[in-house]
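Convention: sequence-line order gives letters A, B, ...; per-chain numbering from 1.
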Amino acid sequence: MQRHAITGPAFFAIGVLAALAALELLLRTLPVCKGNYGAEPDPRWPAHHLIANTSYTYSTGWDLEDVRHGRVNNLGYVAPFNFDEGSAGVFVVGDSFIENQMNDYPESLQGSLPALMRRRMPVLGFGTSGATIAHDLGVAALIRQHFHPTWGVVLLTHDNFIGGFAPKPGYFAWAATPSPGITLIPERRHSRLAEWFRDLSLMAYARSNLRADLSTLFADKSRPRPDSCTAATLSAADVELLRYVAAQFPVQFGLPPSRVILVFDANRNAIYDASAQRVAEQCPSRDALALKFLAGAAAQSGMNVIDLDSAFRAEHDKSGAHFDYLPVDGHWNALAHAIAAREVARTINDRTGAPD
Amino acid sequence: MLFTTGVFLFLYLPVTLLVFFASARLFGRSAAAAWLALASLFFYGYWLPAYTLLLLVSVAANYGFGTLILKRSGAARRAWLIAAVTANLGVLAYYKYANLLLQSANAVAGTHFPLLAIILPLGISFFTFTQIAYLADVYAGKVKERNPIHYILFVTYFPHLIAGPVLHHAEMMPQFGRTENYSPKWENFAIGLAFLGLGLAKKILIADSIAPVANAAFDDVSSLGIGIGHAWLGVLAYTFQLYFDFSGYSDMAVGLSLLVGVQLPYNFNSPYKARSIIDFWRRWHITLSRFLRDYLYFTLGGNRKGPLRRHVNLLLTMLLGGLWHGASWTFAVWGGLHGVFLVLNHGWRYFRDRLAGGASGWGVPAPLRQGTAGLLTFLCVVLAWVFFRAKSIGAAFAMIESMVRQPAGAHLSAADWQLLPWLAALLALVLIVPNSQQLIDGQFRARLPQLRASGRHREILGFVAGVEVVAIVMLALIAARRASTEFIYFNF
């Protein structure tokens, strides 16, 4: 009797393990996301970056769409060439939009920019998935310490401001003291067990392809959504922090404000869908308000500000084009990168030769 | 609560099952049945707690009406039945059809009645019709068991509460009384999880993946105008989306119910394999067809009052069946179209059997004849789905026009062309591959006696259940990232 009671559960557990093993073997033969792993802490470049001199595979969704392969260079950033210490050029900073694993490198803003500039300069992209404005500021400072930037370009996308309030190992975050300011949360060492899990294709598939996490798994999608929405506001502390950001980007890059370009992503859903536009107008989020305020403050301080809304909108009106992989993936496609590169190149070309 | 969410699969379901089996063991069957009813009410209330009260009032009132009907005889018995059915239809009319009537009155008479701010209670059509059938059977003296806990459970039972199948008390209430259903069984788990996994796969991998193609075509047809290729892509995509969405839900319902040993009726039997519209309605939403036949068509007189009346009854039944789906004239047209198809189908059979002397095929080879019949049936069904999906009758006609007329400059993109092999694969899937119950009952359940005889059934069924759980977890992870995975029939 007792043997019967444990037989079923024991074979149930064996079934679970066998299915997981079979799934792992299957996924190892398929182009699931792999290779883009965070490096161990590195005092010379303490900001989060990938394991240097490796290659990666990118794909998205359960059915492994949009398969891409690429290289991680000597400094742990996605680029087909190494970044030599002391180089001069255009330095592009941002989050996963700049890391750009979902497009080929030549299609990226930093990949297509060299051919568009009147004066040829190297363009180095420092994109880190999960980066925020706080992290961008920290990376700008590291760039100043290790390179000789001629131009600094920062891409700002949604949630880049509020993301800085959620500290993550290896990332700069908004500092509690001194405030306003940024602080680096030290990168953590990866245990052998963590590395073993990381190397499992099943884990890579769940985390990167399916982007599975507990909050989405247990998200509540079934309740009716309220018709009304609440417009957010910026607190006095937010405004102070944003003024700090507007003042600090040139300082951290070690450049005059006229050599720093802030590129603001558009609310692309609002371009495609009139109802999303209405919601955006009636109920702007705290992050949207922050980015809008920052754009104004940056322009006032003499930085170059590019709001991609008008360029994307014009292209959408002309061709009906979309600028991302929605609904699967909200990251920019090659067209969006090309438009952003065109706008950045225009700014640089207009300013090249102009007094700083 | 959606069957595809982590909250349901990994919190609600395990807790409900654990407490159900534990309370059956510790406190007896009634406590377990009461717990299942309570859990079902929580399942319903999780969506919008206020409507749990509506459901409870509906259940209590109908149980009360049933008691009154049972205790009366003659004219009083009939009067109570009429009162009960009127009350049920009144509630349904208020929540579901009031705004349609107001809108129609405003459009026809030029009035300006303001529309009511009503959120349609989930599953109201299902739980109302289930209870009307119960009352009709109480009146007809067919109801044998009246355990109040089993009645609450019969109406609120979470696997079917929101989108069916439309249950009959005679097939459910006795199952709630069976002792063996109150203890866990590996064979129930293995078979139930197989249905649940298949249903999740149909919904998440197929229906939700193809939905954007259908949505884009039906959204663009009114605003931008689309070409023939785009229109057919959209309509065929919807044809498959609806089937895999609803049959996926029905499979999940069957599977979830089997976990507690209760067998729900099957709702689909490969409907796109049908070779006539009559055959289609024996395969599509089987429990609704059964309800409409038993409680509407037969009540109207069925085929007992001559051929003309039979066809009028058929048309009326399908028209009302269409409106059952939603408060929109598009559903009435959809139902009406199927009514016309059914009348033509019966007319054709009459012609073939009587006038043409039962000629079987007039020398046309059987495969060609059956293929043509299947194709014609499929095209009729696809045409009717246009009205089922379109936001208005005008939009439906715009889509039909797009399916036959090519505007200048409207060509399929490369991405559209890439969809064609997928649609062909889905067509092959629905036409060739056995359906869920054929797969699971035929290949799996049929072998259980042999398995039991071998004495290793616990090992094998436990192993199979473990494999199925991994598949279900993976499917839930895929669903989690989707913006919305609501079932189409939740709206009805």
Side-chain angles (χ1 to χ4, degrees), chain A residues 3-24 26-27 60-65 202-203 205-227 269 272-275 319-322 325-330, chain B residues 1-11 43 46-49 51 117 119-120 122 162 184-187 189-190 204-205 208-209 211-212 215 219-220 224 456-471 473-487 490:
Chain A
R3 193 183 77 84
H4 280 165
I6 59 162
T7 304
F11 275 81
F12 175 82
I14 293 169
V16 168
L17 291 174
L20 290 174
L23 208 52
E24 172 65 21
L26 173 71
L27 290 172
T60 185
W62 70 273
D63 50 352
L64 311 174
E65 286 179 61
L202 189 57
M203 286 299 288
Y205 180 70
R207 287 172 59 175
S208 301
N209 287 87
L210 303 183
R211 296 188 197 153
D213 56 48
L214 287 178
S215 63
T216 48
L217 186 60
F218 291 103
D220 184 5
K221 297 179 189 170
S222 57
R223 287 187 176 147
R225 293 190 186 94
D227 289 335
N269 277 322
Y272 311 144
D273 179 3
S275 62
S319 65
H322 282 218
Y325 297 101
L326 286 172
V328 177
D329 180 2
Chain B
M1 215 181 286
L2 296 171
F3 290 167
T4 51
T5 56
V7 175
F8 176 81
L9 289 168
F10 307 125
L11 290 178
F43 171 84
Y46 187 81
W47 169 68
L48 202 61
Y51 279 167
I119 297 176
L120 182 69
L122 273 181
I162 290 171
K185 287 189 183 57
W186 281 108
E187 61 186 64
F189 288 151
I204 294 163
L205 301 185
D208 288 349
S209 296
N215 293 343
D219 287 348
D220 291 350
L224 304 171
R456 302 195 64 79
H457 63 288
R458 281 187 193 83
E459 290 89 331
I460 293 171
L461 294 172
F463 182 87
V464 169
V467 172
E468 289 165 346
V469 163
V470 171
V473 170
M474 292 307 291
L475 287 165
L477 290 177
I478 293 170
R481 266 287 154 185
R482 295 255 166 87
S484 171
T485 53
E486 203 171 274
F487 293 92
F490 273 23

Contacting region of [X] [heavy-atom separation from chain B under 4.5 Å]:
X	value
A/L214	neither
A/D213	side chain
A/L17	neither

**OP:** Report yes if some heavy atom in the side chain of B/L122 is under 4.5 Å from a heavy atom in the side chain of B/Y51; otherwise report no.
**Re:**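 Sidechains of B/Y51 and B/L122: no contact.
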Original post:
Using 30° and 60° as the class limits, which term best fits the ring planes of B/W186 and A/F12: parallel, tilted or perpendicular?
Top reply: tilted
**OP:** Take B/M474 and A/W62 through the test side-chain contact (heavy atoms from CB on, under 4.5 Å) and record every step on the way to the result.
**Re:** CA-CA 9 Å; B/M474 292 307 291; A/W62 70 273; over 6 Å; no
**OP:** Step by step, work out the ring-ring contact (aromatic ring centres under 6.0 Å, His included) result for B/F43 and B/F8.
**Re:** CA-CA 9 Å; B/F43 171 84; B/F8 176 81; 5.8 Å; yes
Original post:
In terms of heavy-atom pairs under 4.5 Å, which option from B/V464, B/L461, B/L205 contacts chain A the most?
Top reply: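 Option with the top pair count is B/L205.
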Subject >> Intermediate values then yes/no, side-chain contact (heavy atoms from CB on, under 4.5 Å), A/D329 and A/R211 >> reply: CA-CA 10 Å; A/D329 180 2; A/R211 296 188 197 153; 3.5 Å; yes
**OP:** With a 4.5 angstrom heavy-atom cut-off, could you sort out which part of B/V469 is near chain A: side chain, backbone, both or neither?
**Re:** side chain
